[in-house]
Amino acid sequence: MRRLFSTFAHGAPGVGLLLIRVVAGATLIAHAVQTLTAGPEVASAVLHALSAAIGMLLLAGLWTPVAGALAVLDATWRAFSSPGDAGFYILLGVLAAALVLLGPGAWSVDARLFGWKRIEIRDKE
């Protein structure tokens with residue numbers, strides 16, 4: 001994971017990545033919950049449950065490149081399957097693609113698990 005990103009952005013860029021993750025993840029979760037409460041078919045329910053799981057991964061910032069890529073695929077599929085809402089899904093797909101390319105930021109589980117660690121070596125006395 002560390003090879004995918006040179007650093008995990010701190011400061012204002014990190015806050016920006018956090019906002020993108022929160023918006024994309026919360027949107028995936030909210031849309032999936034809204035559709036699941038309507039009682040869709042089993043196949044559709046499974047896809048929406050997967051979409052909610054992807055949203056949770058994005059919210060936490062866990063496995064962000066994989067979750068973002070899956071969100072791009074999900075948004076692309078939904079843009080083609082429901083052309084009336086294509087703009088919404090294109091926007092969601094672009095946000096997810098930005099996360100894949102930029103990384104999760106400093107406030108993520110990925111940064112805690114795979115970020116640079118500081119090791120202090122003490123002198124022998």
Side-chain angles (χ1 to χ4, degrees):
M1 190 71 79
R2 189 176 308 153
R3 293 181 187 142
L4 293 175
F5 314 113
S6 59
T7 61
F8 290 92
H10 293 280
V15 172
L17 290 169
L18 175 65
L19 288 174
I20 292 173
R21 277 195 0 255
V22 167
V23 168
T27 301
L28 282 168
I29 293 169
H31 189 264
V33 168
Q34 178 184 13
T35 306
L36 287 172
T37 55
E41 299 175 6
V42 174
S44 179
V46 169
L47 290 175
H48 285 291
L50 288 173
S51 181
I54 292 167
M56 288 180 212
L57 288 174
L58 287 177
L59 270 177
L62 179 62
W63 303 327
T64 306
V66 174
L70 291 173
V72 169
L73 291 174
D74 181 55
T76 303
W77 173 263
R78 294 183 193 284
F80 283 112
S81 64
S82 60
D85 297 330
F88 168 75
Y89 293 117
I90 290 170
L91 178 62
L92 186 59
V94 169
L95 286 175
L99 286 173
V100 170
L101 296 172
L102 296 173
W107 292 285
S108 66
V109 175
D110 282 343
R112 299 293 177 248
L113 293 176
F114 307 111
W116 294 103
K117 308 285 190 260
R118 182 176 174 171
I119 300 172
E120 294 185 21
I121 301 173
R122 297 180 185 198
D123 293 332
K124 287 187 178 181
E125 292 181 13

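- Distance check, rounded to the nearest 0.5 Å: CD1 of I29 to NE2 of H31 gives 13.5 Å.
- Tested against V72 for a side chain to side chain contact (heavy atoms under 4.5 Å, CB included), the candidates D74, L70, T76 yield a single pass: T76.
- To the nearest 0.5 angstrom, S108 atom OG is 9.0 Å from L18 atom CG.
- Under the 4.5 Å side-chain contact rule for hydrophobic residues, I54 and V33 do not share a cluster.
- To the nearest 0.5 Å, atom NE2 of residue H48 and atom OG1 of residue T35 are 4.0 Å apart.
- I20 is connected to V66 through a chain of hydrophobic side-chain contacts under 4.5 Å among Ile, Leu, Val, Met, Phe, Trp and Tyr, so both are in one cluster.
- If you chain together hydrophobic residues whose side chains sit under 4.5 Å apart, L113 and L57 fall into the same group.
- Here the closest heavy-atom approach between residue A69 and residue V100 is recorded as N-CG2, 3.3 Å.
- In this structure, the side chains of D110 and P65 come closer than 4.5 Å at one or more pairs of heavy atoms.
- Listed here is the closest heavy atom pair of A96 and G68: CB-O, 3.5 Å.
- Across P104 and G61, no two heavy atoms sit closer than the pair CB-O, 4.4 Å.
- Nearest approach of L28 to S51, heavy atoms of both residues: CD2-OG, 3.4 Å.
- In this structure, the separation between CH2 on W63 and CG on L58 is 12.5 Å, given to the nearest 0.5 Å.
- Two different hydrophobic clusters hold I90 and V23 under the rule that ILVMFWY side chains link at heavy-atom gaps under 4.5 Å.
- Listed here is the closest heavy atom pair of V22 and L59: CA-CD2, 3.7 Å.
- The distance from atom CG of D85 to atom CG of L91, rounded to the nearest 0.5 Å, is 12.5 Å.
- A side-chain donor-acceptor contact under 3.5 Å links T37 to the backbone of Q34.
- Taking all atoms of both residues into account, the shortest heavy-atom contact from R78 to L47 is NH2-O, 3.6 Å.
- Atom OG1 of T64 is separated from atom CG of L17 by 9.5 Å, given to the nearest 0.5 angstrom.
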